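Below you'll find the structure, written out as structure tokens, and then a few comments.
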Protein chains: 2
Amino acid sequence: MSPRAPAAFRMTEQAYLVLLALSPEPLHGYAVIGAVRDLTDGATVLGAASLYGALDRLTAAGLVEPAGEAVVDGRVRRYYRVTEAGHRAAQQETERLRALAARAERTLRGDRPTGPGALGDLAGSPA
Amino acid sequence: MSPRAPAAFRMTEQAYLVLLALSPEPLHGYAVIGAVRDLTDGATVLGAASLYGALDRLTAAGLVEPAGEAVVDGRVRRYYRVTEAGHRAAQQETERLRALAARAERTLRGDRPTGPGALGDLAGSPA
DNA sequence: ACAGGATGTATCGGTCGCCGATATATATCG
DNA sequence: CGATATATATCGGCGACCGATACATCCTGT
């Protein structure tokens with residue numbers, strides 16, 4: 001009925017990386033780029049458009065919030081801070097990735113999912 | 001100069017999940033949906049458009065290839081198989097995710113990246 | 001003095017991945 | 001005989017991503 005819902009937040013990998021980079025301490029935009037590059041060993045280098053897009057979406061979702069400004073050497077720095085909900089989301093997504101990677105390693109190794117400790121094993125193969 | 005490069009393959013999460021689902025054995029499209037749902041404990045349920053889009057891209061990138069057809073109960077099944085390059089890509093992406101999740105857990109736990117065993121520890125924090 | 005690069009912010013436009021909806025066909029169940 | 005499940009595939013729109021661009025300030029090299 002509502003003409004257009006605000007489009008639910010999607011935890012993309014880049015949004016996750018930004019959230020992760022801001023987790024230890026508040027940073028300003030430009031510093032986030034470097035933090036993400038370090039986190040990924042240089043594999044992911046955000047451009048400005050990607051960075052601010054991700055920050056906007058994270059802010060709109062309430063996972064990140066502005067944390068004041070500072071002027072250093074005449075240049076403005078706008079800081080961002082992870083909210084409580086943001087910390088929870090970061091931990092949740094991290095656990096999801098860890099579980100997925102673990103499952104993937106087992107799958108690639110050739111283990112049948114019938115082993116013990118397999119959390120949610122669904123009903124037998126549909127066919 | 002070439003007017004349009006074929007757009008390099010991007011290993012998105014969904015493409016990765018499809019690749020992973022096909023790794024143990026060849027499957028037909030519809031079965032991949034179920035396999036991905038199982039792999040992710042129901043978190044990711046592909047629609048037809050997402051599935052065939054991912055299969056097309058994986059095939060174009062040479063990570064997956066057609067593996068014949070079969071008619072079961074009057075319905076056609078088109079099978080897909082992971083290529084050698086596909087297996088390598090799957091292992092590589094799995095390792096990337098594992099490393100990222102591990103780094104993320106350390107980051108969220110508050111560990112300084114100066115700890116032992118940290119593979120690529122970059123230069124000290126820029127600021 | 002001035003050009004160029006690094007720092008720092010932000011927006012625009014195009015490409016492309018994702019996803020709901022839709023279409024077609026067959027077998028099965030109520 | 002319609003609904004549901006299996007199985008294929010495409011279309012159209014939305015939105016994430018990214019290169020390019022713009023603007024301002026400070027530092028360095030020539």
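Predicted, not measured: the structure shown is a model, and the values here were computed from it. Residue numbering restarts at 1 for every chain, and letters A, B, ... go by the order of the sequence lines.
Contact check on Glu13(B) versus Arg96(B) returns no salt bridge, with no Lys/Arg side-chain nitrogen under 4.0 Å from an Asp/Glu carboxylate oxygen.
Thr94(B) contributes no side-chain N or O that, together with a main-chain N or O of Ala104(A), makes up a donor-acceptor pair within less than 3.5 Å. Judged by distance alone, the side chain of Thr83(A) and the main-chain N or O of Gly62(A) form a donor-acceptor pair under 3.5 Å.
At least one side-chain heavy atom of Tyr16(A) sits less than 4.5 Å from a side-chain heavy atom of Leu100(B). Residues Leu108(A) and Leu20(B) are in side-chain contact: their nearest non-hydrogen atoms beyond the backbone lie under 4.5 Å apart. At a threshold of 4.5 Å between non-hydrogen side-chain atoms, the residues Glu65(B) and Thr59(B) do not count as touching. Side chains of Arg88(B) and Glu84(B) form a contact here, defined as non-hydrogen atoms less than 4.5 Å apart. Thr107(A) has its side chain within reach of Arg103(A): a pair of non-hydrogen atoms, C-beta onward, lies under 4.5 Å apart.
Using a 4.0 Å heavy-atom criterion, one finds that Ser50(B) contacts the bases of the nucleic acid, with or without backbone contacts as well. As judged by a 4.0 angstrom heavy-atom cut-off over every strand, Gly47(A) is placed among residues making no nucleic acid contact.
Atom P of nucleotide dC14(D) and atom CZ of Arg57(A) are separated by 17 Å, given to the nearest angstrom. Rounding to whole angstrom units, CG of residue Leu51(A) and P of dA10(C) are separated by 9 Å. Taking atom CG of residue Leu17(A) and atom P of nucleotide dC18(D), one finds them 11 Å apart after rounding to whole Å. Atom pair Glu69(B):CD and dA7(D):P shows a separation of 14 Å (rounding to whole Å applied). Rounded to whole Å, the distance from CG on Asp56(A) to C1' on dC17(D) is 14 Å. For the pair Leu46(B) CG and dC18(C) C1', the interatomic distance rounds to 10 Å; values are reported in whole Å. Atom CZ in Phe9(A) sits roughly 16 Å away from atom P in dC18(C) (whole-Å rounding). One interatomic measurement links the two molecules: OH of Tyr80(B) to P of dA7(D), which rounds to 14 Å at whole-angstrom precision.
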Contact list (N/O, under 3.5 angstrom) for nucleotides 5-8 of chain C vs protein:
unit_1	atom_1	unit_2	atom_2	d
dT7(C)	O2	Arg75(A)	NE	3.1
dG8(C)	OP1	Arg77(A)	NE	2.7
dG8(C)	OP1	Arg77(A)	NH2	2.3
dG8(C)	O3'	Val76(A)	O	3.3

Decide side-chain contact (heavy atoms from CB on, under 4.5 Å) for Thr44(B) and Arg37(B); before the verdict, give the C-alpha distance in whole Å, the side-chain angles of both, and the deciding distance to 0.1 Å. CA-CA 6 Å; Thr44(B) 296; Arg37(B) 189 190 56 224; over 6 Å; no

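Within residues 87-99 of chain A, no residue has a heavy atom under 4.0 Å from DNA chain D.
Side-chain proximity of Asp73(A) to dC26(D), dA21(C), dC18(C): nearest is dC26(D). Distance from the side chain of Thr12(B) is smallest to dG17(C) among dA21(C), dG17(C), dC16(C).
In this model, the phosphate group of dC18(D) is not approached by any side-chain N or O of Arg10(B) to a distance below 4.0 Å at OP1 or OP2.
Both Tyr79(B) and Val45(A) lie close to DNA chain D; mapped to their nearest nucleotides by heavy-atom distance, the more 5′-ward contact belongs to Tyr79(B). The 5' end of DNA chain D is approached more closely, in terms of each residue's nearest nucleotide, by Ile33(B) than by the other of Ile33(B) and Ala49(B). Nearer the 5' end of DNA chain C, as judged by each residue's closest nucleotide, is the contact made by Ala54(B), out of Ala48(B) and Ala54(B).
Heavy-atom contacts from other residues, nucleotides or ligands closer than 6.0 Å to CD of Glu95(A) number more than 12.
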